[in-house]
Amino acid sequence: MRFAPLFAAASLAVSGVTASPLSIDVDISSVIGFDLSASNFYGAPRPPWTPGAHPGWYFGDHPHLFPDLPCLEGLICKLLELIPIKWLHCPRKPPHNPPSDGYQQTFHNLTGATQASDYQTYGLVDTIAQCKAMCDSVEGCKFVNTYHDVNGKGGSTQLTCSLFSSCHDSSDATNTGGQTQPDGSINFITNSDGYCKH
Ligand SMILES: *[C@@H]1O[C@H](CO)[C@@H](O)[C@H](O)[C@H]1NC(C)=O
């Protein structure tokens, strides 16, 4: 059902409607099928350390693996560009081997993920560079934490990417998992890395 309104809106966009997007009185989340506004933590209102948490989005090269998540590519990006700033916008694809990406690593390969009150959103990515690119497209984002949530998120092997508005060190990497999953397994965290934007 998501797709019918999506295509309707797309044809609206490509047919060259010149009115300000803000003046088009539609409920954007009903058009794209997801509430990716800042007030809804860009689709992930429950932080990853809480029961029932679910990633808000996917950014990477394998969108077919995540039919239930908004994948930040193609048409959905064009639609998100029409939406006011306090919505998620698609990141630019990160360059390969940039000389400096503007981030400094604050911890490396821990078994705990950052748990802090300045949480902004979380989703799934393929690479650390993609998570940093996400942070660069979220207003106020200062810190990324990437990790593998083993047994979590329906068994996904992708990296979890969670974003925060201030920097954190290893002392806040206190989410070590321990949530019982629907299939009875218990999740745990590996390869947790933190990067502060400066
Ligand atoms: C991360 O830590 C695990 C276990 O503590 C270790 O086996 C692995 O080699 C480490 N990986 C890196 C990239 O340091």
Side-chain angles (χ1 to χ4, degrees), residues 2 6 28-29 32-74 76-77 79-80 83 86-91 93-94 110-165 168 172-183 185-195:
R2 233 165 244 159
L6 189 67
I28 296 290
S29 55
I32 62 173
F34 302 94
D35 181 356
L36 296 176
S37 62
S39 60
N40 192 44
F41 297 84
Y42 305 102
R46 296 181 193 189
W49 56 88
T50 59
H54 195 262
W57 37 267
Y58 169 71
F59 176 56
D61 296 329
H62 308 287
H64 60 281
L65 296 178
F66 303 97
D68 297 334
L69 291 183
C71 292
L72 301 178
E73 60 158 24
I76 200 165
C77 294
L79 291 171
L80 288 170
I83 299 178
K86 293 266 182 194
W87 279 65
L88 195 59
H89 293 269
C90 293
K93 289 224 187 294
L110 300 182
T111 55
T114 302
Q115 177 168 339
S117 59
D118 60 314
Y119 163 77
Q120 291 187 297
T121 184
Y122 84 105
L124 300 176
V125 295
D126 301 337
T127 67
I128 293 169
Q130 287 164 344
C131 187
K132 291 171 179 172
M134 278 304 301
C135 183
D136 291 342
S137 71
V138 167
E139 194 182 18
C141 181
K142 284 283 285 178
F143 181 75
V144 315
N145 176 218
T146 55
Y147 56 93
H148 283 116
D149 184 0
V150 183
N151 295 335
K153 319 288 182 298
S156 162
T157 56
Q158 250 63 25
L159 276 177
T160 299
C161 167
S162 57
L163 306 182
F164 297 83
S165 58
H168 295 276
D172 295 325
T174 56
N175 166 27
T176 55
Q179 294 169 16
T180 304
Q181 305 299 304
D183 67 359
S185 64
I186 294 180
N187 79 315
F188 61 96
I189 307 296
T190 63
N191 305 121
S192 177
D193 291 340
Y195 297 87

From [atom1] ([X]) to [atom2] ([Y]), nearest 0.5 Å:
X: E139; Y: H89; atom1: CD; atom2: NE2; answer: 9.0 Å
X: D149; Y: S192; atom1: CG; atom2: OG; answer: 10.5 Å
X: C161; Y: M134; atom1: SG; atom2: CE; answer: 6.5 Å
X: W87; Y: N40; atom1: CH2; atom2: CG; answer: 8.0 Å
X: H148; Y: N191; atom1: NE2; atom2: CG; answer: 6.0 Å
X: L110; Y: T190; atom1: CG; atom2: OG1; answer: 11.0 Å

Heavy-atom donor-acceptor pair, [X] side chain to [Y] backbone, under 3.5 Å:
X: T50; Y: A53; result: no
X: Y122; Y: H54; result: yes
X: N145; Y: T114; result: yes
X: Y42; Y: P45; result: no
X: N151; Y: I186; result: yes
X: D118; Y: S165; result: yes

How are the rings of [X] and [Y] set to each other: parallel, tilted or perpendicular (split at 30° and 60°)?
X: F143; Y: H168; result: perpendicular
X: W49; Y: F164; result: parallel
X: H64; Y: H62; result: perpendicular

Among L124, D68, T121, which residue meets the side-chain contact (heavy atoms from CB on, under 4.5 Å) test with P55? L124
Side chains of [X] and [Y], heavy atoms from C-beta outward: is any pair under 4.5 Å?
X: Y119; Y: P48; answer: yes
X: C90; Y: F59; answer: no
X: L163; Y: C131; answer: yes

Set out, in order, the CA-CA distance, both residues' side-chain angles and the distance that settles side chain to side chain contact (heavy atoms under 4.5 Å, CB included) for D126 and Q158, then state yes or no. CA-CA 6 Å; D126 301 337; Q158 250 63 25; 2.8 Å; yes
Taking every heavy atom of L36 against every heavy atom of P70, the minimum-distance pair comes out as CD2-CG, 4.0 Å
Grab the two heavy atoms, one from L69 and one from F34, that are nearest each other, plus how far apart they are. C-CZ, 4.0 Å
